[in-house]
Amino acid sequence: MMAWLHQHASAARLTLRRLVHSPFANLLGVLVIAFALSLPAGLYRLINAATLLGHDALHDPRLTMFMASDADSAAVRAVWDALAVHSEVLEFRYISNTDALAELKANPALADVVGTLEHNPLPHTFIVRARDSSPAGLESLRKMVGSWNKVERVQMDGEWAKRLAALLGFFRHFTHGLAIVLAVALVFIVFNTVRQQVLSARDEIEVAHLIGATSRYIRRPFLYSGLLQGLMGAVLAFLLLQLGSHLFNEEVEPLGALFSLNLQLRPPTLEECLLLALVALALSWSAAFLSVSLTLKRLR
Amino acid sequence: MMALDTVVKRYPDGHEALRGITLDIEDGELVFVTGRSGAGKSTLLRLMAGMERPTAGTVTINGQDINRLGPAALARLRCNIGLVFQDHKLLFDRSVAENAALPLQIAGLYGHELRRRVTAALEKVGLADQAKASPVTLSGGELQRLCIARAIVNRPSLVIADEPTGHLDQGYASAILDIFKSFHRAGITVVMATHDDTTISTLAGRILHLEDGQLGGDSETDSAEYAT
């Protein structure tokens, strides 16, 4: 057992020696691996964040009823009463034009613009949750309440979320494709780096083979080299994701606040980090194994 | 120790290097393999070392038919054979001691026992004081001695040497032959390919003469110097 451990430790030392011997080529490989991992991982995280954004609107669709600008309190009251007794309405919320304006004024980014207005241009608004949230049920309710007196426009809040979901679906497929292409690139990079290492250690391999080294013994340091590259690539990819999240949040979060949207990328979770490392290690080990086996076969 | 039975070795290009060789080598023998260049000496040694398999016939080393051994078992068999090459096959980016230690590392030895055996092997060939030096700084004779140290560090019962004095002048060659003489005295089986008559006249042993891939002669030689 100790001899086995010692052989592995010896292979690891040899791997590190080779890494130090040609740091530039290895560093370049690690950088490319890191980008190959972080790009699809970053896109997935972005898509997931955007999906969460539209999730509520998709799963709990609401109608927003905008009253006509000349609607008086009696008209508003009539709509209120009608909604209160309507069997298709689960619940509703009323936002007066005064409250809406006050909400805008409370937003520091818009306060200046709102302050220049001579009169309140905002309509009285009802936000309605339908009992039947199916597209057909919502459409039926939308048509009905849209025909009521002084109701100028009825908007389905889920529409934008549906469009967003369709768009995200496309990007998700695109990211799947990109991830596959970059995984192939990662395999190719590790394959090529290990192949170069095998070729440059040709003499050493020949000597080891002649004096009784098994193929497993000869392969071992090269497999470690592949694993090390994958691991370093994963660590660097994690750092790139952290940096990307930080830059994204810094730029986009204030923009989201203008639309009352929580546009924020959370840091990668432990599970995500482990998954990233596992994918990197599995791909790099496979690439190294393939490379060292094929190159040794050719050398012999 | 070793038996070859009607061994044929044919290379992919059709060249037949060995044609029906049959011989036995007993434990503790000192055997010279002689013959002109291209007679098949190196091929015979490679088969004896388990580095190649015969095209036909059988090669049995320590009771194991190498045709029946898988790659890993064959590698383990090679671990117990000391190999000395004419071109040394040393690693010049490692120290003298690290080169000598390589077979032990492959065999899974480590720590104090590894250092002890490396020191003993280097002392045997007179290189103990250069353990930390780079092989680049060694002379031709010293490189060959390092190659011998690497061959015996695993305490093999069989040492196979391919033209160990081929590139050396008389002084260095004599020192190398003295080392092989001491191995033989210690009971190690030594098989040495050479085309140098001086080498054979210095040591007493068995001569296998190869001619065009066939065994042309199997005789004994004696040496007054060796006998003393």
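Lettering follows sequence order; numbering is per chain, from 1. Remember, it's a predicted structure, so these values are computed and weren't measured experimentally.
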Separation between OG1 of T214(A) and CZ of R76(B), rounded to the nearest 0.5 Å = 8.0 Å
Considering non-hydrogen atoms only, spot the tightest contact between E204(A) and L91(B) and give its length.
-> CA-CD2, 3.4 Å
How far does CD1 of I211(A) sit from CD1 of I81(B), to the nearest 0.5 angstrom?
-> 12.5 Å
So do the side chains of F85(B) and L210(A) get within less than 4.5 Å of each other, counting heavy atoms only?
-> yes
Taking everything shown except F248(A) itself, do over 12 heavy atoms lie less than 6.0 Å from its CZ?
-> yes
Is the CZ atom of F171(A) crowded by more than 12 outside heavy atoms at less than 6.0 Å?
-> no
Check the surroundings of atom CZ in R53(B): do more than 12 heavy atoms from other residues, nucleotides or ligands lie under 6.0 Å from it?
-> yes
Could you tell me whether the side chain of L102(B) reaches within less than 4.5 Å of the side chain of V207(A), counting heavy atoms only?
-> yes
Is chain A contacted by the side chain of L109(B), its backbone, both, or neither, given a heavy-atom distance below 4.5 Å?
-> backbone
To the nearest 0.5 angstrom, please state how far the CE atom of M51(B) sits from the NE2 atom of H209(A).
-> 8.0 Å
Most chain B-contacting option - heavy-atom pairs closer than 4.5 Å, from A9(A), A213(A), A208(A) = A213(A)
H8(A) atom NE2, over 12 foreign heavy atoms within 6.0 Å = yes
Can you tell me if CZ on F92(B) sees more than 12 non-hydrogen neighbours from other groups inside 6.0 Å?
-> yes
Would you indicate whether Y11(B), at its atom OH, is surrounded by more than 12 heavy atoms from other residues, nucleotides or ligands within a distance under 6.0 Å?
-> yes
Picking from G108(B), G50(B), P103(B), A151(B), which has the most non-hydrogen pairs under 4.5 angstrom with chain A?
-> G108(B)
Cut-off 4.5 Å, heavy atoms of chain A, and the answer for A107(B) is backbone
